[in-house]
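Report on the structure given below.
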Amino acid sequence: MAIKIAPSFLAADFSNLERDIRAVEDAGVDYIHLDVMDGHFVPNISFGAIVVDAIRKHTDLFLDVHLMITDPASYIQPFADAGADLYNFHQEVEGDLGDLIGQVKAAGMKTGVTIKPATSAETLFPYLSDLDLALIMSVEPGFGGQSFMPEVLPKATALQGEIERLEASTEIEIDGGIGPQNAADVVAAGVRVLVAGSSTFKGGDVAGNVKAIRDAGLSAL
Ligand code: DX5
Ligand code: ZN
């Protein structure tokens with residue numbers, strides 16, 4: 001699969017999670033993207049490890065957990081125990097990124113670091129060799145359903161160039177306002193993992209929606 005689709009469950013029906021898990025599995029998605037918000041790093045509260053644990057019991061899909069939280073160091077073990085595959089925390093948190101990456105690896109999860117729209121791609125360069133995934137936010141984190149910010153795309157190209165130079169295998173993911181209308185542009189810029197919340201669940205045709213996003217993205221390769 002040359003590109004990966006990662007539905008954000010922020011747009012799922014929280015009273016029907018098992019149904020929505022089946023729907024994305026049937027649609028052939030690659031990851032499930034789970035947005036954890038603490039009401040402090042971002043002005044919204046979503047859910048924590050207990051919900052990741054509940055979802056884990058119903059799927060073998062790769063769980064990409066995006067932590068919009070101020071203190072990622074304190075929650076590495078709870079999310080590892082819950083069955084998270086990727087612990088994807090923000091570059092903008094306090095603390096030493098290299099240390100955090102080492103702690104996530106030691107807990108047996110893959111490691112991702114996310115950059116907000118105002119954070120440069122270069123801040124991740126020193127860590128790329130140790131990172132499984134770099135996530136570029138294309139909205140301000142905190143809410144689903146916002147408008148895509150095309151001005152972040154040069155960061156994907158910059159990251160891709162450095163990943164190639166280092167001969168690293170870091171995946172480049174994008175999150176916020178992604179759908180069939182911009183999937184080709186983000187793939188052309190170097191992104192290979194597309195998070196899609198609203199555009200996945202819109203209208204209830206998850207399989208059709210995922211296919212439209214995937215086909216649009218693949219058209220750029
Ligand atoms: C926003 C979250 C996103 C969000 C994306 O802070 O990180 O994952 O759910 O939603 P859409 O795809 O609707 O912009
Ligand atoms: Zn997210």
Side-chain angles (χ1 to χ4, degrees), residues 3-14 17 20-21 23-24 27 29-49 51-52 55 61-70 72 75 79 84-93 109-119 132-153 155-156 171-183 185-187 191-206 208-210 212-214 216-217:
I3 65 170
K4 293 179 178 171
I5 309 294
S8 164
F9 266 48
L10 209 52
D13 180 347
F14 279 78
L17 285 176
D20 285 348
I21 291 165
V24 300
V29 307
D30 303 282
Y31 296 170
I32 289 180
H33 183 87
L34 298 172
D35 290 295
V36 174
M37 305 180 185
D38 65 354
H40 186 265
F41 185 78
V42 290
N44 196 7
I45 297 174
S46 58
F47 55 81
V51 172
V52 175
I55 291 173
L61 275 173
F62 185 93
L63 299 182
D64 160 18
V65 181
H66 176 197
L67 297 129
M68 287 160 274
I69 66 175
T70 301
Y75 298 94
F79 280 95
D85 292 295
L86 174 78
Y87 195 80
N88 193 353
F89 59 93
H90 269 261
Q91 185 276 349
E92 300 84 6
V93 298
M109 292 181 286
K110 293 199 169 185
T111 316
V113 176
T114 305
I115 50 175
K116 296 206 279 188
T119 304
D132 297 294
L133 181 144
L135 169 54
I136 299 167
M137 290 304 302
S138 44
V139 298
E140 289 299 334
F143 299 91
Q146 303 182 76
S147 298
F148 175 67
M149 298 167 68
E151 60 269 31
V152 305
L153 285 185
K155 293 199 273 189
E171 292 188 324
I172 304 175
E173 182 178 56
I174 198 159
D175 182 7
I178 301 299
Q181 71 287 355
N182 51 27
D185 290 344
V186 304
V187 171
V191 172
R192 292 295 178 269
V193 186
L194 282 65
V195 176
S198 313
S199 64
T200 292
F201 291 100
K202 192 174 144 192
D205 179 12
V206 171
N209 292 340
V210 167
I213 301 164
R214 193 186 292 283

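Residue numbers count from 1 along this sequence. Heavy atoms only: backbone and side chains are in, while hydrogens, waters and symmetry mates are out. All ligand and atom numbering here is 1-based and tracks the order in the structure.
Nearest non-hydrogen protein atom to atom 10 (O) of ligand 1 is Gly144 CA, 3.5 Å. Here the protein heavy atom with the shortest distance to atom 5 (C) of ligand 1 is Asp175 OD1, 3.5 Å. The nearest protein atom to atom 1 (C) of ligand 1, hydrogens excluded, is given as Phe143 O, 3.5 Å; this is a heavy-atom distance. For atom 13 (O) of ligand 1, the closest heavy atom belonging to the protein is Ser198 OG, 2.4 Å.
Here is the list of ligand 1 atoms found below 4.0 Å of a heavy atom in Gly142: 1 (C), 6 (O). Of all the atoms in ligand 1, the ones that sit under 4.0 Å from a non-hydrogen atom of Pro141 are 6 (O). Which parts of ligand 1 touch His66 is read off a 4.0 Å heavy-atom cut-off, strictly below it: atoms 7 (O).
For the 3.5 Å distance criterion, the side chains of Thr119 and Glu92 qualify, holding a donor opposite an acceptor.
Contacts of Ser8 classified as side chain to side chain donor-acceptor pair (under 3.5 Å), with partners at least two apart in sequence or in another chain: Asp35. Contacts of Asp205 classified as salt bridge (charged side-chain N to carboxylate O under 4.0 Å, His left out), with partners at least two apart in sequence or in another chain: none.
Residue contacts with ligand 1 for Ser199 are absent, since no atom lies close enough (heavy atoms, distance under 4.0 Å).
Within the protein, the number of N, O or S atoms lying under 2.8 Å from the Zn ion (ligand 2) is 4.
Not one N or O of Ala196 is nearer than 3.5 Å to an N or O of ligand 1, by distance alone.
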Can I get a per-line list of side-chain donor-acceptor pairs under 3.5 Å for residues 142-151, giving both atom names and the distance, sequence neighbours left out?
residue	atom	partner	partner atom	Å
Gln146	NE2	Glu140	O	2.8
Gln146	NE2	Phe143	O	2.9

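The aromatic rings of Tyr87 and Phe89 sit tilted relative to each other, their planes meeting at an angle between 30° and 60°.
Note on ligand 1: Ala11 sits outside its first shell, no heavy atom being nearer than 4.0 Å.
The environment of Phe41 atom CZ is dense: over 12 non-hydrogen atoms of other residues, nucleotides or ligands sit within 6.0 angstrom.
You'll find the ring centres of Phe14 and Phe9 outside the 6.0 Å limit.
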